[in-house]
Amino acid sequence: MTAPHPLVTHAHRLADDLLAPHAERVDQEGVPASHLRAIRRSGLLAVNAPAQYGGVTAAVARETAEILAGACCSTWFVQTQHHTPVATLSGSAGPARERLLGPLARGELLSGVAYAHLRAYPRTPVRVTRERGGRRFDGTVPWYTGWGLNDVMLLAGVTDSGEALFAFTEAREQPGLRASAPMRLAALTASRTVSLELDGFWLPEEAVVLRRPYEDWAATDRPKTVNASPAVFGVTEAALALLDDDTAAPLRARLTDIRARAYSLADHPTPHEHLEERLTLRTRAHQVMQAATTAALVAGGGRSMTLTSKPQRLAREALFLMVQGQTTRSREAHLEALVSGPA
């Protein structure tokens with residue numbers, strides 16, 4: 001039997017000793033910096049980095065994500081923001097990579113992201129123009145997770161020439177950058193999510209890490225929004241663990257089948273193929289998660305209605321994951337599946 005990857009072992013240890021025992025308290029009070037310090041020290045923030053910086057295979061990265069999300073989805077969600085900046089730097093060249101990739105991969109810095117609004121194109125919630133030898137950002141970032149916890153952020157907007165442009169800056173209020181109060185959400189309020197107002201926010205050209213015609217960027221982003229998230233499988237597993245064997249068995253069989261097929265497609269050498277099949281599996285994964293978390297609520301009875309109840313927390317996390325990373329097409333596919341009945 002093959003020994004688990006060391007990062008998988010670290011993830012299990014963090015989940016069992018730190019994240020899961022405190023998940024209900026974190027859900028109500030917020031992700032503590034101490035949780036993130038433990039993750040920084042673990043090496044888990046390097047999973048998307050090149051191998052020489054501690055990067056691992058996609059399979060190992062997915063397994064660690066499942067473990068963390070199943071233990072404490074709020075903590076998982078804050079730290080998962082970090083992986084896109086690391087991947088972006090890994091595929092780039094220039095001063096930002098030289099300055100940031102090592103510290104981010106080693107966990108010396110923690111990064112957030114402000115780019116999901118790009119998927120609203122042709123609407124441009126954040127516009128980027130040239131100014132004073134650098135770039136000016138104007139508009140609103142609707143969602144930014146980890147405010148007050150992250151050191152830096154990867155900020156994106158669309159230029160007048162139709163490019164998607166990404167740049168790094170410090171994750172703090174600055175001239176031209178203002179954060180809202182933390183949002184009160186039905187789930188994952190603990191993740192310290194805010195909106196950002198950009199009014200003439202200026203960054204030097206060396207802060208830019210990626211510029212690409214929007215359609216080219218969207219083509220690379222599209223598979224991310226149709227693949228099933230490992231977090232969905234992690235939360236589903238956590239809910240199944242609360243059920244008796246007879247109730248859990250048929251749901252676990254469906255989960256195992258969907259996960260295997262979804263991950264096989266995620267590893268397909270051509271990421272832009274089988275998009276509809278990937279989207280179908282994403283939707284089915286959500287259906288199994290919803291069934292499992294609902295079953296855990298039912299099994300828990302009236303106790304499940306308390307805010308300190310694990311089944312109730314998992315059910316709310318499931319609601320969040322059903323809309324996280326949602327696009328018009330994924331929303332349509334999910335609604336079609338709900339109307340047509342069980343898979």
Side-chain angles (χ1 to χ4, degrees), residues 36 39-40 43-50 53-58 60-62 64-66 68-69 73 75-94 96-97 99-121 125-126 128 137 141-147 149-158 163-171 188 191-194 196 203 207-212 214 216-232 266 271 321 324-327 330:
L36 297 174
I39 290 174
R40 288 178 187 234
L44 288 164
L45 294 180
V47 294
N48 277 4
Y53 288 88
V56 296
T57 65
V60 171
R62 288 192 296 256
T64 61
E66 285 192 27
L68 297 182
C73 198
T75 301
W76 164 80
F77 191 53
V78 172
Q79 66 83 43
T80 202
Q81 312 298 312
H82 184 90
H83 301 306
T84 294
V86 170
T88 302
L89 285 168
S90 298
S92 71
R97 175 189 166 105
R99 179 168 56 92
L100 292 172
L101 181 54
L104 288 172
R106 291 189 296 269
E108 295 163 9
L109 294 174
L110 183 69
S111 183
V113 292
Y115 82 94
H117 51 274
L118 290 183
R119 294 169 182 154
Y121 193 84
V126 176
V128 185
F137 292 76
V141 174
W143 307 95
Y144 180 83
T145 293
W147 187 254
L149 295 169
N150 296 322
D151 303 300
V152 297
M153 75 168 84
L154 181 61
L155 173 63
V158 178
E163 290 181 312
L165 184 144
F166 291 72
F168 277 95
T169 185
E170 294 181 15
L188 274 70
S191 63
R192 302 198 199 182
T193 296
V194 300
L196 301 176
L203 288 174
V208 175
V209 67
L210 177 68
R211 284 174 47 206
R212 187 172 295 173
Y214 179 84
D216 291 352
W217 174 82
T220 63
D221 179 67
R222 201 166 292 121
K224 301 175 187 175
T225 64
V226 298
N227 286 331
S229 167
V232 169
L321 291 172
Q324 188 243 339
Q326 188 183 65
T327 64
S330 66

Exercise. Please assess Thr75 against Leu68 for the test side chain to side chain contact (heavy atoms under 4.5 Å, CB included), listing each intermediate value before the final yes or no.
Key: CA-CA 8 Å; Thr75 301; Leu68 297 182; over 6 Å; no

Quiz item: Taking side chain as C-beta onward, heavy atoms only, is Val126 less than 4.5 Å from Val158?
Solution: no

Quiz item: Distance from Cys73 atom SG to Gln324 atom CD, nearest 0.5 Å?
Solution: 8.0 Å

Practice problem: Rounded to the nearest 0.5 Å, what's the gap from CZ on Arg119 to CG on Asp221? Could you check? | Solution: 4.0 Å

Quiz item: Which atoms form the tightest heavy-atom contact between Ala96 and Ala207, and what is the distance?
Solution: CB-O, 4.5 Å

Exercise. Any chance you could measure Thr220, atom OG1, to Arg212, atom CZ, to the nearest 0.5 Å?
Key: 5.5 Å

Practice problem: Could you tell me which non-hydrogen atom of Ser330 sits nearest to which non-hydrogen atom of Thr225, and how far apart they are? | Solution: CB-O, 4.2 Å

Practice problem: Output yes when a side-chain donor or acceptor of Thr80 lies under 3.5 Å from a complementary backbone atom of Phe77, and no otherwise. | Solution: no

Quiz item: Is there a side chain to side chain contact (heavy atoms under 4.5 Å, CB included) between Val152 and Ser111 once you walk through the steps?
Solution: CA-CA 5 Å; Val152 297; Ser111 183; 3.6 Å; yes

Quiz prompt | Nearest non-hydrogen partners of His83 and Leu44, listed with the distance | solution = CE1-O, 3.4 Å

Quiz item: Rounded to the nearest 0.5 Å, how far does CG of Leu104 lie from CG of Leu45?
Solution: 8.5 Å

Quiz item: Taking the side chain from Tyr121 and the backbone from Ala164, do they hold a donor-acceptor pair closer than 3.5 Å?
Solution: no

Self-check item: Validation row: Leu36, Leu149 side chains within 4.5 angstrom (heavy atoms)
Solution: yes

Without placing hydrogens or testing angles, list every side-chain donor-acceptor pair under 3.5 Å for residues 84-91, not counting sequence neighbours.
{"from": "Thr88", "atom 1": "OG1", "to": "Thr84", "atom 2": "O", "distance (Å)": "2.8"}
{"from": "Ser90", "atom 1": "OG", "to": "Val86", "atom 2": "O", "distance (Å)": "2.7"}

Self-check item: Side chain proximity check, Leu210 to Leu165, heavy atoms < 4.5 angstrom
Solution: no

Quiz prompt | Leu203 versus Ala167, closest heavy-atom pair with distance | solution = CD1-CB, 3.9 Å

Practice problem: Report yes if the side chains of Val113 and Tyr144 come closer than 4.5 Å at any heavy-atom pair, otherwise no. | Solution: no

Self-check item: Close side-chain approach of Pro50 to Leu101, heavy-atom, < 4.5 Å
Solution: yes

Quiz item: Measuring from Phe166:CZ to Met153:CE, what's the distance to the nearest 0.5 Å?
Solution: 14.0 Å

Quiz item: Counting distance only, does the side-chain N/O of Asn227 pair as donor-acceptor with the main-chain N or O of Pro223 below 3.5 Å?
Solution: yes

Exercise. Step by step, work out the side chain to side chain contact (heavy atoms under 4.5 Å, CB included) result for Leu155 and Val141.
Key: CA-CA 9 Å; Leu155 173 63; Val141 174; 4.0 Å; yes

Quiz prompt | Point-to-point distance, once rounded to the nearest 0.5 Å, from CG of Leu100 to CG of Leu109 | solution = 6.5 Å

Exercise. Please check if the side chain of His82 supplies one atom and the backbone of Ala105 the other of a donor-acceptor pair under 3.5 Å.
Key: no

Quiz item: Does the side chain of Thr193 come under 3.5 Å of the side chain of Thr145 through a donor N or O and an acceptor N or O?
Solution: yes

Self-check item: Side chain Gln79, main chain Trp76, donor-acceptor under 3.5 Å
Solution: yes

Quiz prompt | Test: Arg40 and Asp151 ion pair at under 4.0 Å | solution = yes

Exercise. Provide the closest heavy-atom pair for Val78 versus Gly146 in the form atom of the first, atom of the second, distance.
Key: CG1-CA, 4.4 Å

Practice problem: With sequence neighbours excluded, tell me which residues meet salt bridge (Lys or Arg N to Asp or Glu O under 4.0 Å) with Asp216. | Solution: none

Quiz item: Looking only at heavy atoms, what is the nearest atom pair of Gly157 and Phe137, with distance?
Solution: N-CE2, 4.3 Å

